[in-house]
Amino acid sequence: MSKKEEVKTEETTGGKGIDVYGAEAYAESAKAVREVGARVVLSIIAAILIWLFGEMIFLPIAKSMAQVFYGYPVHSIISFIIVVVLAIIIFSVFVDIRKLTSGIAGILAFEVGKVSGESNIESFRHYRIALDGIIYVIVVSLAYLLFADYLGQIHPAIPAILLILIVIWSVFALWRSTRAIASELGRHTSKWAEELEKRSKK
Amino acid sequence: MNSKKEVFEEDETAVKSIKYSTTYNLSAAVLIWLFGVLVFIPIADTINVQTRLFVNLIVFIPFTILLLKAVPRVKRLLEVFAVVLAKKFKFMEVKEDEQIIVFKKFLHMMFIIVVYLFYFPFLNNFHPAINGIVLIVALLWNFFLLFGILQIALNSKMK
């Protein structure tokens, strides 16, 4: 490593070595997972229970009723209520989910970095941003699955529009994630390309 | 000898240029393909045909843009690979230049097959007939490439 790079690394780590920085980041991520993990898991269990009861009990009962209130059938109203409750549960732990996903991303980034022998703080950050984006897309897709059926009961177009918006957002999110990891991939492929170059010269 | 040197110099510049953007474009395309084909299109399929088509289109466009950006450099990479393979696996009495062409054609065939397999779910969702047309084009293209390889092999045998 050149002197300039060493100085830069020292600046970004605040004078700490990569091992110390990695261990601290790992500990921080693990702490975040520990702190918010239980709350998030409980909220998810509550959301799944509400979804199950709604889907298996309340909606079938509501569908058997012929009454219409202000032009809306009972099952649409029940679905709307369940959607509101699910939204409140999900959005109340939204910040915690964000913390949890970035915590998991941090842990994964540390593990991935350890496996591939990374000794660069920038690499760790890149892995973290990339994994954060991918985990976030997965979380949003799973959350959508909770809402989709109930939104469809309110109006068939709502889940379709929401899905289209999610797909557009996730394309950009995945694009951003790959941009973060592009320099890492570029570094690995350049090593491999140099090897290839040597072989073709032999 | 001179042409050999030129090939090596070209290889060097190609290898250097594949560093960043190709990996970025290809990895982004693969990631979008994975999420699109394995997550979003099946979800859209549960809503209705129109949504499936629309989601298919939304995933198809960025995938194609990223792939088209990567294609020229991937082609150069295939050429470099062809040189390496030609040096490693020598067969029959074919000249080295011709061997490079044979491997280049072979790698192009592989590339066409892989790209077609990536596009298969999208095309099938648009319409099975579109998928059929593209498959026919891909098969014809592969046939012509294979024909070229056989021609080189037969010419070398005749000599």
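Sequence lines set the chain letters: A, B, ... in the order given, protein chains first and strands last, and positions in each chain run from 1. Note that the structure is predicted; figures quoted are calculated from it, not measured.
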Take atom CH2 in A:Trp169; do more than 12 heavy atoms of anything else shown fall under 6.0 Å from it?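 Result for CH2/A:Trp169: enclosed.
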Might you confirm whether atom CZ of A:Phe80 has over 12 heavy atoms from other residues, nucleotides or ligands at distances under 6.0 Å?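 Not more than 12 within 6.0 Å, no.
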Is the closest side-chain heavy-atom distance between B:Phe54 and A:Val167 below 4.5 Å?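 Of all side-chain heavy-atom pairs linking A:Val167 with B:Phe54, none is under 4.5 Å.
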Can you find a heavy atom in the side chain of A:Ser170 that is under 4.5 Å from one in the side chain of B:Phe40?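 A side-chain contact under 4.5 Å exists here.
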Give me the atom names and distance for the closest heavy-atom approach of A:Val171 to B:Ile58.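 Where A:Val171 meets B:Ile58 most closely, the heavy atoms are CG2-O, 4.5 Å.
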Close contacts, residues 115-124 of chain B versus chain A, judged by heavy atoms under 4.5 Å: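 So far as heavy atoms go, nothing in residues 115-124 of chain B approaches chain A to under 4.5 Å.
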Which value, rounded to the nearest 0.5 Å, describes the distance between A:Thr178 atom OG1 and B:Ile32 atom CD1?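 It is 6.5 Å, given to the nearest 0.5 Å.
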If you measure from CG on B:Leu34 to CG on A:Leu174, what distance do you get to the nearest 0.5 Å?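 These two atoms lie 9.5 Å from each other.
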Run through A:Ile164, A:Leu163, A:Leu162 and flag the one making a side chain to side chain contact (heavy atoms under 4.5 Å, CB included) with B:Ile47.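 Per the side chain to side chain contact (heavy atoms under 4.5 Å, CB included) rule, the option paired with B:Ile47 is A:Leu163, out of A:Ile164, A:Leu163, A:Leu162.
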Name the region of B:Leu85, side chain, backbone, both or neither, that has any atom closer than 4.5 Å to a heavy atom of chain A.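 Neither the backbone nor the side chain of B:Leu85 comes within 4.5 Å of chain A.
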Residue selection (most heavy-atom pairs with chain B, distance under 4.5 Å) from A:Ile161, A:Val137, A:Leu145: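 So the answer, after comparing A:Ile161, A:Val137, A:Leu145, is A:Val137.
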Interface moiety of A:Ile134 toward chain B, non-hydrogen atoms closer than 4.5 Å: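 For A:Ile134, backbone and side chain are both near chain B.
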